[in-house]
Structure formats: C-alpha cells, structure tokens
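A quick write-up on the structure given underneath.
Naming: A, B, ... by sequence-line order, numbering from 1 per chain.
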Protein chains: 2
Amino acid sequence: MDKQSEQFITNTHENIDEETLFVVSLTFKALGDPTRIRILHLLFNKEHSVNEIAEKLQLKQSTVSHQLRFLKNLRLVKYRRAGTTLYYTHDDEHVIGLLKQTIEHAMHS
Amino acid sequence: MDKQSEQFITNTHENIDEETLFVVSLTFKALGDPTRIRILHLLFNKEHSVNEIAEKLQLKQSTVSHQLRFLKNLRLVKYRRAGTTLYYTHDDEHVIGLLKQTIEHAMHS
DNA sequence: TGTGTATATTAGCATATATTCATATTTTAT
DNA sequence: ATAAAATATGAATATATGCTAATATACACA
C-alpha cells in the first residue's frame, strides 16, 4: 500500500470531508455574530418585518437588511410579503435548536 | 408605568442580556473557523500533542499553537504536560456536543 | 552549563466582516 | 403616472481575523 492510500485510510475517522467542514463552519459563523443572534432570537416566537426588527433591536434598517440577506442565503430565515412589508421568520429548526441550547447553557452557568 | 419600564417589560422575552449574548457569540465564533473545527474534531477521541495536530492536519506549528491558545482561553481545550510535550484534549462537553450534532446534521443532508 | 526538542509569542500582512450612508428598487394607492 | 412606504443594494470605511516567519521560552538531559 502506498503512503497516500495508507494515510487516507488511517485518517478516515479523524478527518472531516471538505464539504462538511465548509457547511459546519458556515453554520457556526452565521451564529457567531451578536447582531445575527439577536435577530434570530427575536424570530424565535413570531415573524417580524425588517423595520420592526430594526426598531426593537435599535439597529439601522440597512444593517438589518444586510444581515437578513446573509441569513436568507444560508436558508436560516424566509419571508412572506404583505404589500411592501416583508415578514421574516426562521427557517431552520436545527440551527434554531443549536441557538436555544447554547443560550440556555450560557444562562445557567 | 413610564415608557422605559413598559419597554423593559414588553421586551423581557425578546431581548438577550448582554453577557449571555457575549458568551453565546464567542462560543459560536470559536466553532466558526475551519481550522478550529478540524482541531476539535481531531480531539474528539484522543489527546494529541501540538506537533501531532500540525502534522495530521498539515498546518504550521505556529498556526496550531495560536488556535490552541484561542481554544484554551475559552476553556474548550486543556492540556497535560509530559516533558516538553503538551498533550491537548477537549474540555467542554457541551461545545463538543454542538459540534458533533452539527457535523452529523451536515453529513446527512 | 550547553544543546536539542517542543511549544509559545510577537509582529506584519492579507483577507474577511460588520456597519453606515446614500441611493435604488419594489409595491401599493391615489 | 406619481408619490409614499418598505426594503434592498453598492460603495466606503473601520475593525477583526487568520496565517506566517522569526524569535523567544521552557524543559530534559548529557
């Protein structure tokens, strides 16, 4: 067995494949910013428009819009339109679960 | 009831306190980098020295040392000394759990 | 004490990221 | 068609982040 194959096999359980690594790090990166955490937290229980989010969290409309685009690209949020208003909700139960878990853990420690 | 108190109360369940927000975002930030994920993943099952990590993951010793310091500051890893060699292990079951969950989820989707 | 080995630290650089301002786009209602 | 309201976008800026080379430190042992 040549060295490369050997290394491949011996590392099978220690290496993550590139694609998984990419997805996992992106997921955590999305949750690694206070503004995005606050937005997602606000969307825990009910939908909010962009302006509602901006007002409740004291952020610029532009900031909220940028972060929502980020979250939407990762399919972590979705929206429904009502006239000119867009109501955003979360769209990834797994990620919301991670966030809830971690908030719980941080609060009780 | 004055406006400030009113706002405080109505926002009680929508706002995260500053300290929790800080801890949560730091935790996710730690997991939001491919290199740190690979290191933690390598430490899932057994301890590794700095050089072992560097060799297995094809990273510079300096890079590994820097990331280990980062992880140690957050108490995500610890080490034992054996002569001049430091063997690192993970040191936060909750965070390792988050990582395992997310890797599992990413692989089966 | 001197030498080799393992790890840590410092400084510099390049890239990534978050926010803001200004402006554009989209939709609705008149 | 035009105006108003809500949201999105682009560009600029400031800061954060990760990597690297070079060097320093810590430990073991002759």
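Side chain of B/Thr85, nearest nucleotide from C/dT7, D/dG18, D/dT9: C/dT7.
Distance alone, capped at 3.5 Å, is enough to place a donor-acceptor pair between the A/His108 side chain and the A/Glu104 backbone.
Look at CZ on A/Phe28: it is 17 Å from P on D/dT17, rounded to the nearest Å. Rounded to whole angstrom, the span from the CZ atom of B/Phe70 across to the P atom of D/dA16 amounts to 13 Å. Taking atom CG on A/Leu68 and atom C1' on C/dA18, their separation rounds to 14 Å, with Å as the unit. Note: CG (A/Leu31) to P (C/dT17) measures 15 Å, nearest angstrom. A/Leu26 places its CG atom 13 Å from the C1' atom of C/dA16, with the value rounded to the nearest Å. D/dG18 atom C1' lies 13 Å from atom CG of B/Leu71, rounded to whole Å. Rounded to whole Å, atom P of C/dT5 lies 15 Å from atom OH of B/Tyr87. Taking atom NZ on B/Lys72 and atom P on C/dT7, their separation rounds to 13 Å, with Å as the unit.
Under 4.0 angstrom from either OP1 or OP2 of C/dT9 there lies at least one side-chain N or O belonging to B/Arg69. Residue A/Tyr88 places at least one side-chain N or O closer than 4.0 Å to OP1 or OP2 of D/dA8. Contact annotation: B/Asn51 side-chain N/O to C/dT5 OP1/OP2 distance is not under 4.0 Å.
At a threshold of 4.0 angstrom between heavy atoms, the contacts of B/Lys29 are confined to the sugar-phosphate backbone, with no base atom among them.
For the side chain to side chain donor-acceptor pair (under 3.5 Å) condition, the pairs that include at least one residue of residues 16-32 of chain B, sequence neighbours left out, are B/Asp17-B/Thr20.
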| With the sugar-phosphate defined as primed atoms, P, OP1 and OP2, and the base as all remaining atoms, what B/S/- string results for nucleotides 19-30 of chain D, 5' to 3', for protein heavy atoms under 4.0 Å? | SBB-----BS--
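Remark: A/His66 engages no residue in a ring pair (Phe, Tyr, Trp, His ring centres under 6.0 Å) (not counting sequence neighbours). For A/Arg36, the side-chain hydrogen bond (donor to acceptor under 3.5 Å, both in side chains) partners are A/Gln67, not counting sequence neighbours. Judged as a ring pair (Phe, Tyr, Trp, His ring centres under 6.0 Å), and not counting sequence neighbours, B/Tyr87 has no contacts.
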Exercise answer: donor-acceptor pairs, residues 70-83 of chain A side-chain atoms, under 3.5 Å, sequence neighbours excluded:
unit_1  : atom_1 : unit_2  : atom_2 : d
A/Asn73 : ND2    : A/Arg69 : O      : 3.4
A/Arg80 : NE     : A/Glu47 : OE1    : 3.0
A/Arg80 : NE     : A/Glu47 : OE2    : 3.3
A/Arg80 : NH2    : A/Glu47 : OE2    : 2.6
A/Arg81 : NH1    : A/Gly83 : O      : 3.1

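Considering all non-hydrogen atoms of both residues, B/Leu57 and B/Arg38 come closest at O-NH2, 3.2 Å.
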